[in-house]
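Heads up: numbering here begins at 1 and tracks the sequence.
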Amino acid sequence: MGTKYLAILAFAVCILKSVAAVPSLSLEKDARRGVITPKVVIISMFSLEAAIWPEQLGLYARNITTPGLSPEYPVVHCDIKGEICQLTTGEGEINAASTIMAFALSRHFDLSYTYFLIAGIAGVNPFHATTGSVTFARYAVQVGLQYEIDIRELPSNYSTGYIPQHSTVPETYPGTVYGTEVFELNAALRDRAIALAKKATLNDTIKAAAYRTKYDYSPANQPPAVVACDTATSDVYFSGNLLSESFGNYTAVLTNGTGVYCSSQQEDNATLESLLRADSAGLVDFSRIIIMRSGSDFDRPPPSETAAYHLLEASQSGTTPALENLYLAGVQIINDVKGNWTDYKYGIKPDNYVGDILNSSGSTTVMDFGPESSD
């Protein structure tokens with residue numbers, strides 16, 4: 001009797017396990033049926049950048065909580081059709097990388113055909129842009145990934161305390177690379193985005209314009225404009241003539257002289273690395289990324305100010321026009337993607353190399369930067 005009882009019990013356990021498995025399978029099927037396939041995903045970095053999109057684009061219609069996103073910003077907002085979505089990474093490289101990787105792996109989204117609009121405010125180089133201007137990058141350079149010597153212990157013949165890794169002097173090509181030092185984006189898509197952004201009438205403020213008059217050269221003292229130039233990533237919020245000039249020179253070195261540094265921020269190389277890994281897994285298309293950064297402040301002071309005063313005390317008043325123009329320029333791009341999806345669905349074919357310094361994407365186009373190209 002005992003053996004028979006145990007056999008019946010084992011059979012009952014098997015039945016219960018089978019029944020218990022049915023709901024989870026059903027949930028997985030339901031999740032697949034409900035997968036959102038955005039045409040555009042807006043990537044914001046913090047609350048002020050994030051706030052300009054949802055109400056104006058109707059992105060509170062669908063709110064999806066996804067595991068692994070920033071604890072501060074755990075929800076992806078989408079319009080009713082799931083065509084336009086927006087998420088916020090949190091500031092800094094670690095937050096950006098973690099959030100974007102979690103998003104790319106989310107079972108709630110199919111990002112195979114999605115265009116990514118990285119849309120944030122940034123510091124701007126006054127020799128190439130002004131506050132309120134909207135910049136579009138082809139290259140993103142991780143200028144913070146270097147050796148560093150405190151300026152108080154710097155050799156007298158060094159122009160900066162930043163030295164490329166496994167090198168012995170500043171502003172030379174690094175002797176070793178991690179792979180995240182420089183990314184190149186789709187120039188054809190960037191150029192299309194610029195043409196669309198130029199249709200917008202950019203806003204300005206009296207206070208921002210007044211501060212710009214402190215600079216005795218253009219474009220620093222000019223009204224906001226749409227500019228094609230490149231972006232520098234560093235977790236350190238740097239400011240001043242010497243650091244900014246050094247990072248501009250390093251941008252040129254890493255891009256074989258073709259990159260023009262004009263915006264500074266803390267996240268873009270991290271975001272791009274996560275999207276490139278997702279591309280390698282077949283989850284996204286790395287050639288569908290746009291970096292749009294608007295100038296909220298200058299990266300170096302006008303002649304009448306010190307670097308310390310400029311960074312810590314000066315009222316540059318650039319944040320308001322930068323945020324306003326981020327939306328005004330960005331919505332032109334978003335509407336074009338939605339309205340002309342047949343042009344975008346199968347991609348805007350790049351005519352340049354697209355990827356990282358290691359060619360992780362396996363591009364057959366010849367890389368136009370890297371240690372070989374700098375010889």
Side-chain angles (χ1 to χ4, degrees), residues 38 40-57 59-60 63-78 84-104 106 116-124 129 131-137 140 142-144 203 205 208 224 231-239 262-275 289-299 311-312 314-331 333-334:
V40 178
V41 167
I42 304 160
I43 299 175
S44 307
M45 276 51 72
F46 73 114
S47 57
L48 290 180
E49 296 167 351
I52 63 177
W53 305 102
E55 289 191 4
Q56 300 193 75
L57 296 179
L59 302 185
Y60 288 135
N63 303 291
I64 302 94
T65 301
T66 297
L69 299 190
S70 165
E72 288 187 281
Y73 312 105
V75 178
V76 180
H77 304 291
C78 301
I84 310 299
C85 296
Q86 182 264 336
L87 77 156
T88 307
T89 65
E91 294 171 275
E93 293 180 78
I94 293 174
N95 279 326
S98 302
T99 294
I100 296 302
M101 185 55 70
F103 178 59
S106 172
F116 297 91
L117 180 62
I118 300 171
I121 60 176
V124 288
T131 49
S133 289
V134 183
T135 71
F136 291 86
Q142 192 178 16
V143 297
N203 282 342
T205 65
T231 193
T233 300
S234 173
D235 266 332
V236 175
Y237 194 120
F238 63 87
S239 181
C262 81
S263 73
S264 60
Q265 38 66 39
Q266 296 175 297
E267 298 87 14
D268 289 354
N269 282 60
T271 295
L272 294 177
E273 176 64 18
S274 295
L275 289 173
I289 301 170
I290 299 167
I291 294 179
M292 179 180 66
R293 289 280 182 172
S294 59
S296 58
D297 56 279
F298 290 108
D299 69 356
L311 174 64
L312 303 174
S315 298
Q316 301 186 48
S317 303
T319 300
T320 296
L323 290 168
E324 291 174 346
N325 293 337
L326 201 64
Y327 175 82
L328 291 170
V331 76
I333 300 164
I334 292 166

Item to check | Chi angles and distances behind the side chain to side chain contact (heavy atoms under 4.5 Å, CB included) call for E267, N95 | outcome: CA-CA 8 Å; E267 298 87 14; N95 279 326; over 6 Å; no
Item to check | Audit row: L48, I121, side chain to side chain contact (heavy atoms under 4.5 Å, CB included) steps and yes/no | outcome: CA-CA 9 Å; L48 290 180; I121 60 176; 5.7 Å; no
Checklist entry - Given R293 and D268, is the side chain to side chain contact (heavy atoms under 4.5 Å, CB included) satisfied, shown in steps? => result CA-CA 10 Å; R293 289 280 182 172; D268 289 354; 2.7 Å; yes
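Shown are L59, V41, L69, T88; of these, the side-chain contact (heavy atoms from CB on, under 4.5 Å) with V76 is made only by L69.
The shortest non-hydrogen separation linking S294 to L326 is OG-CD1, 3.5 Å. Of all the heavy atoms in Y60 and P54, the pair that sits closest is CZ-CB, 3.4 Å. Heavy atoms only, all atoms of each residue included: A97 and S274 are closest at O-OG, 3.0 Å. Here the closest non-hydrogen pair linking G120 and E49 is CA-OE2, 3.3 Å.
Remark: side-chain polar atoms of S263 are not paired, donor with acceptor, to backbone N or O of G123 under 3.5 angstrom. Checking side-chain atoms of T233 against main-chain N and O of N269 turns up a donor-acceptor pair under 3.5 Å. Using modelled atom types, no side-chain atom of N203 and backbone atom of N325 make a donor-acceptor pair closer than 3.5 Å. Q266 contributes no side-chain N or O that, together with a main-chain N or O of G92, makes up a donor-acceptor pair within less than 3.5 Å. In this structure, Y73 contributes its side chain and S47 its backbone to a donor-acceptor pair below 3.5 Å.
Side chain to side chain, Q265 and T231 meet the donor-acceptor criterion of an N or O pair below 3.5 Å.
Taking the six-membered ring where tryptophan is involved, the planes of Y327 and W53 are tilted, since the angle between them lies from 30° to 60°.
Interatomic distance, CG of D299 versus SG of C262, reported as 9.5 Å (0.5 Å rounding).
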